[in-house]
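Just so you know, ligand 1 is whichever comes first in the structure, and atom 1 is the first atom listed for that ligand. Computed from heavy atoms alone, side chains included, the values below leave out hydrogens, waters and symmetry copies. All of these numbers come straight from a predicted model, not from anything done at the bench.
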Amino acid sequence: MADTLSPELFRRLVERCTNGVLILDAEGVILYANPASESLFGRTADGLVGSEFGLAGAGAGTTELRLPNPKGGTPLSVAARAIKLDGPSTGWEPGAWALVLHDLTEHKREENRLQLYEAIFLGVSEAVLVTRTDGTIIDLNPAFSRITGYSRDEVLGQTPTILKSGRQGPDFYRSMWAVLQEKGHWKGEMWNRRKNGEIYPELLEINALTNEVGQVDRYVALFSDITHVKQTEEQIEKLLHYDALTELPNRLLFRSRLEAALNEPKHGATAVALVGVDRFNIINGTLGMETGDQILRLVAERLSGYLDEDETLARMGGDEFGVLFRGDRAALRAVGFAEAIQENLSEPFNVSGAEVLVGCSLGISVSSHHGSHGISEMLREADVAMHRVKADGGVGYQLFTQDLDLAIRDSVLLAGRLGQAITQNELRLLYQPKVSVHDGRVTGMEALVRWQHPDEGMLSPARFIPVAETSGLIDDLGRWVLVHACQQAKQWLDAGLDFERVAVNMAPAQVRKEDLAEFVQQTLHETGLPADRLELEVTENTLMTLAQEEQSVLQSLRELGVSLALDDFGTGYSSLTYLRRLPAETIKIDKSFVDDISSDDEQMAGAEIVTSIALLGQKLGFRVVAEGVETAEQVAFLRHCHCCDEIQGYFFSRPVQPEAIPALLQHPFSLPDLTDSAPR
Ligand code: C2E
Ligand code: MG
Ligand code: MG
C-alpha cells in the first residue's frame, strides 16, 4: 500500500473525507485535523492542532465518544475508530494514532424516531394493519386486536376479507380499489365484522407505501371503531327528524319528504292529508296528559294501519298528524284513507280501563303533476280544509279544491264514499207516477234513486250515477235499486193497490252483464213480484252502444215476462228498422222535445217534431210515454194530438216518497183540455 499511495494522494483523500480524521501523537496531542473534523468540534483545524485530545479507549477498534457540542451544548455522538500508525511509510512518527470520527447524530435521531413510532404503533387507539399488495397481512397493532377481537397470530398471513361484514356490495370494494390505485389513498366509512360476529362501523384510511424504486409494495390501513359516533348521529337524527312520543317522522321530515315528492320530475299527483284529533285538549284536561299521550300513540297506530309503505305518516305537532300520498292515485288514496279512518275511529279506544271515543277532522290538499304547488301552499290548503271540518263540529274530511277541477273533486269525493253508501243504506228510492192521458189514472211509477249523503244532503243521480259507472260500483247500485223497487211494488200489490208496472232504470254496464236476466229472475222470485209488473228502462243511447251479441239479454228479459221501455227516446239516432227489431214495448219521448210544446205560435213548429216522433212510435206498435211534462198546455196538447198514451212529469207529480204513492194510485188526476189549462 505504502508503495502505491503517495503521501500527497493520501492527504487529499483525507481532506475530502466526510468523516473527521485526526492524527494524534503517542501522547494524544492532535497533530493533524482534516476539514470535516472542524464542524464536529466547532473549531478550525489550525486551532485543533496542538490541543490535547487524549487517548481515550486507545487501542485499535471502535468506540463511541461524546464530544461536547460547542454550538448548542448537545453532545454529539461520534463513533471513533482508532488506528495505530506504525512503520515509517506513513510519514508519521511511530506510536501515532489515526482517529476516524463518524457523526452519529442523524442515526441517533432516526433511532429515537423509530422508538417513538413503535410506541405510537403499539399505543394508539386506532387499529393499524399492514398488508402486502396481494392483501396478505404482515403487521398489525394491539388496537387492531382490541377492535376486531383477532389476535396477532390469528391474522398474520391472512387477508382483510376475514373482517368482511357483507354490508357493502362488490361495487363498494371495486370503487375503493380504483381510488386506492389511482390516488394512493382512500378514506371512508365501512361496516366490518368482529371475530365474535358483531358488525361495527369504522372510519378507515388506507395508504399505499412505495419501495425504494417507487413501486407500491404495501398498504397501511388505519381504522377506528365509530360505533359511538354512529349512535350519536342516529340519536341526533332521531331528535331532529322524529317525534319522541309516537316515533313517527316529525314535521321537519314530513316537509322534506313532501318537497322531494313535489320536486320529482315525473311525479304523478301528490296529496297531503292533515288529521286533527277533535277536542284533544278536552281529553287531555279530563283524563290527564298521560292518557292523552297514550291516545295519541294509539291514534298513530291506527292511522298507520291504513297506509302503504311509500306513504308517510308524521306527527306534525300537538294533536295533528300528516299523511303524504304520491302517484296517480294519490287523491283517491287520500280520500279512501279519510273514509277508512272515520270508520275506524268509531271504535272506542281502551285506555286505563276507560273507553274513549276520539273523532278526527281531516283536510286534504292535492297537487296535480302540472300543478305549481309548493310545500307551504299544500300544507296551508290542507290546514284550511281541516279547520273547515273542525268549524263544522269536527269528524269528517274536506278536500281543498281551489285548483282542482270541480268534476274531479266531485268524483273523487263521491267515489270514496259511494261503496259505503250502498251498504249503509244511504240510498233512497223516490217514485214518479205515470198518468194515463185517457182517464188521469196512475198506471205505474218510475223508481228514481237518490243518495241521502250525510254531509251534502240529497244527491241527484246525475251526480253519482256517472261516478258509479266509472268506479265500477254501478252494478252494486243497480242491484240495490232493483231489489228495493221490487220489494216496494210487491208491498203495494199486497196492500191491494192497483197499478200496471213499476219501472226501474238500467245503466249500460248493467245491461252488458251476461247474468242480468238471471239476476232479475232471482230478484222477482225472492221478492215475489210477478214479472209482468216490472218494466226496465234502457236509454236509446245505451241500446245503440250494445254489440249484437249483447242485445240478446233484452230478448231473455222479454222471455221472463218483464217489459222494456226505451228511455230518452229521440236523443239517439235509431233507425226505424232498428226500432222494429227491438223487443221493447214502450218508448219514452225525451223531455227536450216536450219542452218545445208551448203556446207560443213560433214554437209550435217544435211541437210538430214531438207529434211526428210519437205518431211514428205508435205506428210501430209502441206504447208512447211523454217525459218531463210540466205545464197544463203541454198536457192538453199531448191529449189533443192523440199521439201518446201516458204522461210523466212535474205537472202531475215530482218523484215522491213511496208513502205518497198509495194516495196517488187511489185518486185519478183531472186532465186539462186545450181550452182549460188549470191542473185539477
Ligand atoms: P230518466 O230515467 O230519464 O228519469 C227522468 C228524470 O227526469 C228524473 O230525474 C226525473 O225526476 C226528471 N223529471 C221527471 N219529470 C220532470 C219534469 O217535469 N221536469 C223536469 N225538469 N224533470 C223531470 P232524476 O230522478 O234526477 O234522474 C235522472 C236520471 O238518472 C234518470 O233519467 C236516469 O237516467 C238516471 N237514474 C235515476 N235513477 C236511476 C237508477 O236507479 N239506476 C240508473 N241506472 N239510473 C237512474
Ligand atoms: Mg228513466
Ligand atoms: Mg228519461
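- Looking only at side-chain heavy atoms (C-beta outward), L564 and T586 stay at 4.5 Å or farther from each other.
- The N, O or S atom of D568 with the smallest distance to the Mg ion (ligand 3) is OD1.
- Looking at S361 and V395, their side chains never come closer than 4.5 Å, going by heavy atoms from C-beta outward.
- Restricting E537 to its N/O/S atoms, the shortest distance to the Mg ion (ligand 2) is reached by OE1.
- For atom 38 (N) of ligand 1, the nearest non-hydrogen atom of the protein is V449 N, 3.2 Å.
- Closest to atom 27 (O) of ligand 1, if we only count protein heavy atoms, is P461 CG, 3.4 Å.
- Of the candidates N505, L448, L429, it is L448 that places a heavy atom closest to atom 4 (O) of ligand 1.
- At least one heavy atom of P655 lies less than 4.0 angstrom from ligand 1.
- Crowding of E347 atom CD: a count of heavy atoms from other residues, nucleotides or ligands under 6.0 Å not exceeding 12.
- Regarding atom 32 (O) of ligand 1, its nearest protein heavy-atom neighbour is D567 OD2, 4.6 Å.
- Close to ligand 1: G628, with a non-hydrogen atom less than 4.0 angstrom away.
- At a threshold of 4.5 Å between non-hydrogen side-chain atoms, the residues L429 and L448 do not count as touching.
- The nearest N/O/S atom of D567 to the Mg ion (ligand 3) is OD1.
- Judged by the shortest distance from any of its heavy atoms, K588 lies outside the 4.0 Å radius around the atoms of ligand 1.
- Using a 4.0 Å cutoff on heavy atoms, R654 does not count as a contact of ligand 1.
- The minimum distance between the Mg ion (ligand 2) and any N, O or S atom of E446 involves atom OE2.
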